[in-house]
Structures are given as structure tokens and as C-alpha cells.
Amino acid sequence: MREQELLKKAEEASQYAYAPYSHFQVGAAVLCVDGSIYTGCNVENASYGLCMCAERVAIGKAVSEGKRRIDMIAIAGREEGGAFRASCSPCGACRQVIAEFSDENTRVITGNSDGEWKEWSVREMLPAAFEMEESNESL
Ligand code: THU
């Protein structure tokens, strides 16, 4: 699975975004180490603090089907009716959730399927992530 293909799946997933408050539509696609793919979109709520990001929806779908190891996660976002941004960087909460199911090879990519994109390792995105173990050497 190439980066552009996974970004395309993230773009496609964003069509289901429920974003009547922010009008910002996000899609995420998680490629698991076994090759399976799970997608998600943001799901907002009139009680704003309950809004769910696309990344956490996609990861929740994967984990709830027994997939706990992420190879790559792609994120695409756009204003309603606009073009996909060159970057839709995950929020801090999502970085911590991505880290939970990642290893040193996991990549986070964001952008669009027109060729504008960038990538980070999870450690680059979230150095010194909180972990239950005392050391932070796994990432
Ligand atoms: N959002 C995501 O789904 N993922 C991100 O990486 C950034 C933000 C959502 C949350 C909210 O529904 C909307 O985008 C505006 O913040």
C-alpha cells in the first residue's frame, strides 16, 4: 500500500464526516500490519467536547476487530466544499492514541491524493509519550 493510496482512502472516508459545527471534514485510514485497512471520519456533537476525531474513530474500529498494530495512518482534511489541505496534522489527544498502537516503524502521513503530503514517525510526532512502563524506549 503506497502513501497516495492510503491518503485516497482517508479522503474517501471524509465524505461521511458529521461536522455541522466546524464544517471541517476529516477522514483517516489506518493500515494495520496484517494489511487490513480501517477508515473513520470525525463525528461531532452539539455538546462540543464530545466531538470525536477521525483518527480515533478509525483506530477504534481497528482495535474493536482485533487489530492492534498500526503500520501507517493517513489523515486528510478540508473545509466543507473546499480542497483537501496539504496537511491536517493530528491533535495531541490523537497522537497519544496513535502511539498506543504503534511501534518504531509506524508512520503518520497527512495531505492529499494530489501529491501534497508529509510524514512523521510516531516518536517525531509525540516525543516522550506517556506510557505505563517506566522507560519510554518502545517508541
Ligand atoms: N479533527 C479531526 O477529526 N482530526 C484532526 O486531526 C483534526 C481535527 C476534527 C475535530 C472536529 O470535528 C473538526 O476536525 C474541527 O476541529
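Residue indices begin at 1 and follow the sequence shown. Note that the structure is predicted; figures quoted are calculated from it, not measured. Just follow the structure's listing: the first ligand is 1, and inside any ligand the first atom is 1.
- Residue contacts with ligand 1: C51 is placed with no nitrogen or oxygen under 3.5 Å of a nitrogen or oxygen of the ligand (distance criterion only).
- In this structure, A19 falls outside the shell of residues with a heavy atom less than 4.0 angstrom from ligand 1.
- Of the charged side-chain nitrogens involved, at least one lies within less than 4.0 Å of a carboxylate oxygen, so that R85 and E79 count as a salt-bridged pair.
- Proximity of S89 to ligand 1, defined as any heavy-atom pair under 4.0 Å, is confined to the backbone N, CA, C and O atoms.
- Expressed to the nearest 0.5 Å, how far CG of L7 lies from CD of E12 amounts to 11.0 Å.
- By the 6.0 Å contact criterion, CZ on F24 is enclosed, its count of non-hydrogen atoms from other residues, nucleotides or ligands being greater than 12.
- Atom numbering of ligand 1 starts at 1 in the shown order; those under 4.0 Å from a heavy atom of F24 are 14 (O).
- For atom 12 (O) of ligand 1, the nearest protein heavy atom (residue, atom name, distance) is E44 OE2, 2.5 Å.
- Distance check on atom 16 (O) of ligand 1: every protein heavy atom falls at or beyond the 4.0 Å cut-off.
- Within the 3.5 Å criterion, the main-chain N or O of M52 finds no donor-acceptor partner in the side chain of E44.
- For atom 4 (N) of ligand 1, the nearest protein heavy atom (residue, atom name, distance) is E55 OE1, 2.9 Å.
- Nearest non-hydrogen protein atom to atom 9 (C) of ligand 1 is N42 ND2, 3.6 Å.
- Both the backbone and the side chain of C53 come within 4.0 Å of ligand 1, judged by heavy-atom distances.
- Looking at Q25, its side chain never comes within 3.5 Å of a backbone N or O of G77 through a donor-acceptor pair.
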K9 and T39: side chain to side chain donor-acceptor pair (under 3.5 Å), yes or no, with the steps?
CA-CA 7 Å; K9 293 206 177 295; T39 60; over 6 Å; no

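- Within the structure, the side chain to side chain donor-acceptor pair (under 3.5 Å) test picks out no pair touching residues 50-66 (sequence neighbours left out).
- Protein heavy atom in closest approach to atom 3 (O) of ligand 1: A54 N, 2.9 Å.
- Near S22, with a cut-off below 4.0 Å to any heavy atom, the atoms of ligand 1 are 13 (C), 15 (C).
- Which parts of ligand 1 touch P90 is read off a 4.0 Å heavy-atom cut-off, strictly below it: atoms 6 (O).
- Taken from CG in N42 to OG in S14, the straight-line distance is 8.5 Å, to the nearest 0.5 Å.
- The protein atom (non-hydrogen) at minimum distance from atom 7 (C) of ligand 1 is C88 SG, 4.3 Å.
- Other residues, nucleotides and ligands place more than 12 heavy atoms under 6.0 Å from the CZ atom of R69.
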